[in-house]
Amino acid sequence: MIAIIDYDAGNIKSVEKAFQFLGEETVLSRDRDEILGADKVVLPGVGSFGDAMQKLKDYHLVNTIYDVVDKKIPFLGICLGLQLLFENSDETPGVCGLGILPGEIKKIPDREGFKIPHIGWNSLQLVNDGRLFEGIAQQSYVYFVHSFYLKAGDCQIVKAKTDYVADIHASVEKDNVFACQFHPEKSGDVGLKILKNFSKIGE
């Protein structure tokens, strides 16, 4: 069973449908016991960093997420779900993230010829042997929608990078915690393979 954390953030349903397409049993939940009883947990998200952190607090999900990590349940953050795992974001100064991984969320710099938000397909440079990318070729394309990007505090946790004005840390992995800035659920066969790899972690 894959528990998808429901905290009123966008793209939750599309993530659920992608896992169901792969034959995985899913549940949308904000119930602590249900989430902690799952085999895997996913934190999706589209929206504002500050609003999302407030929703996680309002639904008493912050400690639940910490407990998922402590119990070594495989955990996947997607898009905003990646950003929330880190310490802070330029999007909402003064609001602390979950701080599960070291690093900051920075605004993509303005540059002539580049549109912000970054919306579209970019290729990945795979590094450090990420388990999500087993069987996936270098320079595979995935789909991004974001105005802010991760600058990880530890380069060893970075498993994929892409270039869009900045050197963007597009995916990270540490122990049982995985995250993607891009949207695997919108990234065709490559994205489905990434989600399938996640679903097989620990089996």
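Computed from heavy atoms alone, side chains included, the values below leave out hydrogens, waters and symmetry copies. Quick caveat, the model's predicted, so the values are computed rather than measured.
The side-chain heavy atoms of Asn197 and Ile201, taken from C-beta on, include no pair separated by under 4.5 Å. Side-chain atoms of Ser140 and Leu124, non-hydrogen and from C-beta on, never get closer than 4.5 Å to each other. The shortest side-chain heavy-atom distance between Leu61 and Ile35 falls under the 4.5 Å cut-off. Side-chain contact between Ile73 and Phe75 is absent, with no heavy-atom pair separated by less than 4.5 Å. Between Leu76 and Leu195, the closest side-chain pair of non-hydrogen atoms falls below 4.5 Å. Between Leu85 and Leu98 the shortest side-chain heavy-atom distance falls below 4.5 Å. Looking at Phe148 and Ser48, their side chains never come closer than 4.5 Å, going by heavy atoms from C-beta outward. Using a 4.5 Å cut-off on side-chain heavy atoms (C-beta onward), Met53 and Cys96 make no contact.
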Would Arg131 and Phe178 satisfy side-chain contact (heavy atoms from CB on, under 4.5 Å), going step by step from the backbone distance to the final call? CA-CA 9 Å; Arg131 285 176 283 170; Phe178 304 79; 3.4 Å; yes
Does His146 form a side-chain contact (heavy atoms from CB on, under 4.5 Å) with Ile168? I'd like the steps, not just the answer. CA-CA 11 Å; His146 64 127; Ile168 291 168; 3.8 Å; yes
Between Leu150 and Gln83, is the side-chain contact (heavy atoms from CB on, under 4.5 Å) condition met? List the steps. CA-CA 7 Å; Leu150 167 63; Gln83 297 181 7; over 6 Å; no
Taking it one step at a time, do Phe86 and Ile100 satisfy side-chain contact (heavy atoms from CB on, under 4.5 Å)? CA-CA 6 Å; Phe86 289 85; Ile100 289 168; over 6 Å; no
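The two residues Ser123 and Gln139 come nearest to each other via the heavy atoms OG-OE1, 3.1 Å. Considering every non-hydrogen atom in both Leu126 and Ala160, the closest pair reads CD2-CB, 3.9 Å. Considering all non-hydrogen atoms of both residues, Pro44 and Val42 come closest at CD-O, 3.5 Å. In plain terms, the two heavy atoms of Ser171 and Ala179 that are nearest each other are OG-O, 2.8 Å. Heavy-atom minimum distance, Glu173 versus Leu132: OE1-N, 4.3 Å. The two atoms that bring Ser14 and Lys186 nearest to each other are OG-CE, 4.4 Å, heavy atoms only.
A salt bridge is absent between Lys174 and Asp154: the closest approach of a Lys/Arg side-chain nitrogen to an acidic carboxylate oxygen does not fall below 4.0 angstrom. Between Glu16 and Lys13, at least one side-chain nitrogen of the basic residue sits less than 4.0 Å from a carboxylate oxygen of the acidic one, meeting the salt-bridge criterion.
Transitive grouping of hydrophobic side chains (ILVMFWY, heavy atoms separated by less than 4.5 Å) keeps Tyr143 and Phe21 in distinct clusters. The cluster map of Ile, Leu, Val, Met, Phe, Trp and Tyr, joined by side-chain heavy atoms under 4.5 Å apart, puts Ile105 and Val165 in different clusters. Hydrophobic clustering, with ILVMFWY side chains joined whenever heavy atoms are under 4.5 angstrom apart, keeps Ile4 apart from Met1. By the criterion of side-chain heavy atoms lying less than 4.5 angstrom apart, applied directly or through intervening Ile, Leu, Val, Met, Phe, Trp or Tyr residues, Leu22 is grouped together with Leu28 in one hydrophobic cluster. Grouping the Ile, Leu, Val, Met, Phe, Trp and Tyr side chains by contacts below 4.5 angstrom, directly or via other members, places Val172 with Val68.
To the nearest 0.5 Å, atoms OG (Ser89) and OH (Tyr149) are separated by 11.5 Å. How far CD of Glu185 is from SG of Cys79: 8.0 Å, rounded to the nearest 0.5 Å. Atom CG of Asn122 sits about 12.0 Å away from atom CD1 of Ile119, to the nearest 0.5 Å. Remark: Asp51 CG to Thr92 OG1 distance equals 7.0 Å, nearest 0.5 Å. Expressed to the nearest 0.5 Å, how far OG of Ser187 lies from OH of Tyr141 amounts to 13.0 Å. Taken from CG in Leu56 to CG in Leu84, the straight-line distance is 6.0 Å, to the nearest 0.5 Å.
In Glu134, the CD atom is not crowded: 12 or fewer heavy atoms of neighbouring residues, nucleotides or ligands sit closer than 6.0 Å. Atom NZ of Lys107 has more than 12 heavy atoms from other residues, nucleotides or ligands within 6.0 Å. Counted within 6.0 Å of CZ on Phe114, heavy atoms from surrounding residues, nucleotides or ligands total more than 12; the atom is thus considered enclosed. Crowding of Asp129 atom CG: a count of heavy atoms from other residues, nucleotides or ligands under 6.0 Å not exceeding 12.
Looking only at distances, a side-chain donor or acceptor of Asn128 sits under 3.5 Å from a matching main-chain atom of Val158. At distances below 3.5 Å, not a single donor-acceptor pair connects side-chain atoms of Asn88 with backbone N or O atoms of Pro93. Glu91 places a side-chain N or O within 3.5 Å of a backbone atom of Phe49 that can act as its donor or acceptor partner. For the pair Thr26 (side chain) and Ile2 (backbone), a donor-acceptor distance under 3.5 Å is absent. When atom types are taken as modelled, the side chain of Arg30 and the backbone of Tyr7 share no donor-acceptor pair closer than 3.5 angstrom. The backbone N or O of Val177 sits nowhere less than 3.5 Å from a side-chain atom of Asp175 that would complete a donor-acceptor pair.
The ring of Phe144 has its center closer than 6.0 angstrom to the ring center of Phe182.
No hydrogens or angles considered: a donor-acceptor pair under 3.5 Å links the side chains of Ser199 and Glu24. One side chain, Asp8 or Tyr59, offers a donor N or O that lies under 3.5 Å from an acceptor on the other.
In this structure, Tyr164 and His118 have parallel ring planes: the angle between them is below the 30° cut-off, well short of the 60° mark.
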